[in-house]
Amino acid sequence: MQAAEVVTKAFLFFLFTKSLIESYLDNRNRKHILANRNSVPEKFQDQITLEDHQKAADYSIAKIKVSKVFNFIELVILLIWTLGGGIEALDKLSKTLNYSELTTGVIFFAIYMFISLLLGLPQSIYSTFVLEEKFGFNKTTPKTFILDLVKGLILGALIGMPIIYAILWIMNALGTYWWVYAWAFLTLTQFVIIWAYPRFIAPLFNKFSKLEDGEVKDKVEQLLNKTGFESNGLFVMDASIRSSHGNAYFTGFGKNKRIVFFDTLIKNLSADEVTAVLAHELGHFKKRHIIKGLAKSIILSFIGFSILGYLADWLPFFTGHGVQTPSTHAALLLFMMVSGIYTFILIPINAMTSRKYEFEADEFASQYANAKDLITALVKLYKHNASTLTPDPGYSKFYHSHPPALTRVKHLESLIKG
Ligand SMILES: [Zn+2]
């Protein structure tokens, strides 16, 4: 068997194994949620009605059904791009314009990104205007939707294209160890984007206003003093223009950190509960989860680039995935497309680390705020977001970055000071 043939077989094997695992886990999850649909878990009976519980079950099951259809479409699209000769055809098309190798590569990516955007539209339209609408979460108007799309496209062109240009240039010009330079460049770019995001990018999509004086602000400032957290301001984001799901987060780094609350969070939670949620988020920062996550992604991207450095010179990588004409731009795109298939099996490891971090952040929160407030805040968020309280344990272990509601609440209860 030739090397290319082995690559094709491995690709198909990984691809179908991924699909099988996905649908097996989805089925387990659907059955488990259905089996628990008619009774609210005892711990939550005070705060969650049977009606809320059933809405969460129906919403979760509807999401599973939708993702099944779109996962299948995605699989078909990936096969068309690769073994179906899509990348090869796109490469030929880009070459007909007779530009230099580098410009051809950038055009190749521009067309690819545009086609991907179009192919992704049915899913985002359906999710926003049918699924989320049906369960009462959607607040996005068609106008906001289209504006988002246009802004995303312009940003993608302004930010994405120069990055692609630079990487393709590095690949072509910097010799055998180009991948080290490409990795260093991308890491630096990532820092610039993290820095620029809160100030220049996020405001294009949402309005940020200073958190108004009042109980919430007083309590939040007390918490910040207690924990010694330096930030560059407290902001409220008008998340409600798109969705009624609630959240809190902070962005940026160094002195440029901003704490952002979704307006939906401030509206639905009490001042103590908002403070407890923020204490949890600060826990992620103080326990160095954010810096560890960043370090991990930098290391993984180093490994990824070193593999790409090797594969870009290995013909069976191209032909085995359906690309007959090797080039730097085809190598880059092909790698971006297929690497997730081969690393799918690592998802549970990531999820496990993330769940460990959640427990640690909850421990931090219970030291600087009241664990009871965090519990009631969590249950409210579960209710408002119609998140299921009863996911399948196996599904949860594989995918979930957060422990299931019951496990998390029990852990928090053990942290309440007597
Ligand atoms: Zn968390």
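The figures that follow rest on heavy atoms only: side chains count, while hydrogens, waters and symmetry mates do not. First listed ligand is number 1; within each ligand, the first listed atom is number 1.
Rounded to 10°, the angle formed at the Zn ion (ligand 1) by Glu358 OE2 and His280 NE2 is 130°.
Put simply, the side chain of Ser366 never gets that close to the backbone of Ala371: no donor and acceptor are under 3.5 Å apart.
Taking the ring centroids of Phe364 and Tyr357, they lie at or beyond the 6.0 Å cut-off.
Each of Phe302, Phe185, Phe305, Tyr310 was scored for a ring pair (Phe, Tyr, Trp, His ring centres under 6.0 Å) with Trp179, with one residue passing: Phe302.
Using a cut-off of 2.8 Å, one finds that His284 contributes an N/O/S atom close to the Zn ion (ligand 1). Residue contact annotation: Asp362 places no N/O/S atom under 2.8 Å from the Zn ion (ligand 1).
Judged by distance alone, the side chains of Asn350 and Thr353 never bring a donor and an acceptor atom under 3.5 Å apart.
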